[in-house]
Amino acid sequence: MQYWLFKTEPSTYSIDDLKREKTTEWYGIRNYQVRNFLRDAIKIGDIVLIYHSNAEEIGVVGTAVVASDAYPDTEQFKEGSKYYDPKSKKENPSWLSRDISFVSQFPEIVLLADLKKEKTLKNMLILRPGNRLSITPLKEKEFKHILTLAQKNKAC
DNA sequence: GCCAACGTTGGC
DNA sequence: GCCAACGTTGGC
């Protein structure tokens, strides 16, 4: 079992959208390192934290589970799509997607500002300045710690 | 293959 | 809206 953090801009796709759709194609990955995570490292059944970036409230908002193997990103072939890539050929697609399924939405967002206060999380990749990967691996310890923070919020 | 210019990400 | 950090592009 592995843990991952998936970033999304809620104005584009939020935890609410995922909750409504239940399962979605996680498309639009246009970074080779992240593409390789999707292809090689990520497995069906891995647990995902959903993170809202570039938003009024930045932080972790819920959990999901990886629900498919990697397959060609459907947007890369759609002319006019923001994610259209004319260099990508159907017989050798550049970009991959996986499906993820909604698991839970936290009662309250766990804010980035609060994550930064936690010693346990100080090595978490998302907190590293300049980190721009939209998917990052999480240690089990980090994942569980964030769940604990989410539970604490509920108690307040 | 180097590297400057440019574009994008993402927190503030 | 600003800007630092970083990836990508393209001329040489």
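Just so it is clear: chains get the letters A, B, ... in the order the sequence lines come, proteins before strands, and each one is counted from 1.
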**Asked** For B/dT8, does either OP1 or OP2 sit under 4.0 Å from a side-chain N or O belonging to A/K82?
**Response** no
**Request:** Describe, in one word, how the ring planes of A/W26 and A/Y13 are oriented to each other, choosing from parallel (under 30°), tilted (30 to 60°) and perpendicular (over 60°).
**Result:** perpendicular
**Message:** If the threshold is 4.0 Å, N to carboxylate O, is there a salt bridge linking A/D17 and A/R20?
**Reply:** yes
**Nearest-neighbour nucleotide for the A/S53 side chain, C/dG7, B/dG10, B/dC12 considered** = B/dG10
**Asked** Would A/R35 and A/D73 pass as an ion pair if we require N to O under 4.0 Å?
**Response** no
**Prompt:** Between B/dG10 atom C1' and A/L5 atom CG, what is the distance in whole Å?
**Reply:** 14 Å
**Request:** Measure from CG on A/N131 to C1' on C/dA4 and round the result to the nearest Å.
**Result:** 14 Å
**Request:** Return no unless some side-chain N or O of A/K7 is found under 4.0 Å from OP1 or OP2 of B/dG10.
**Result:** yes
**Asked** In whole angstrom, what separates A/R30's CZ from C/dT9's C1'?
**Response** 17 Å
**Message:** What's A/K87 touching, base or sugar-phosphate or nothing? Going by heavy atoms closer than 4.0 Å.
**Reply:** sugar-phosphate
**Prompt:** Quick one: is A/Y51 getting a side-chain N or O under 4.0 Å of the B/dT9 phosphate, OP1 or OP2?
**Reply:** no
**Spacing of A/L115 atom CG relative to B/dG11 atom P, expressed in whole Å** = 11 Å
**Prompt:** Among B/dG11, C/dT8, B/dG10, which nucleotide sits nearest the side chain of A/Y32?
**Reply:** C/dT8
**Request:** Between A/N54 and A/L133, just flag the one whose closest nucleotide in DNA chain C comes earlier from the 5' side.
**Result:** A/N54
**Step-by-step ring pair (Phe, Tyr, Trp, His ring centres under 6.0 Å) determination, A/W95 to A/Y32** = CA-CA 8 Å; A/W95 306 112; A/Y32 287 105; 4.8 Å; yes
**Complete:** A/H52 atom NE2 is separated from B/dG11 atom P, nearest whole Å, by 12 Å
**Request:** Could you tell me the separation between the CG atom of A/L112 and the C1' atom of B/dG10, rounded to a whole number of Å?
**Result:** 10 Å
**Between B/dT9 (P) and A/I135 (CD1): distance, integer Å** = 14 Å
**Message:** In this structure, how many angstroms lie between the P atom of C/dG7 and the CG atom of A/N36, rounded?
**Reply:** 14 Å
**Asked** Are A/I29 and A/F37 joined in one hydrophobic group, where the rule is that I, L, V, M, F, W and Y side chains link up if heavy atoms are under 4.5 Å apart?
**Response** yes
**Request:** Among the candidates B/dC12, B/dG10, C/dG7, find the nucleotide nearest to the side-chain atoms of A/N31.
**Result:** C/dG7
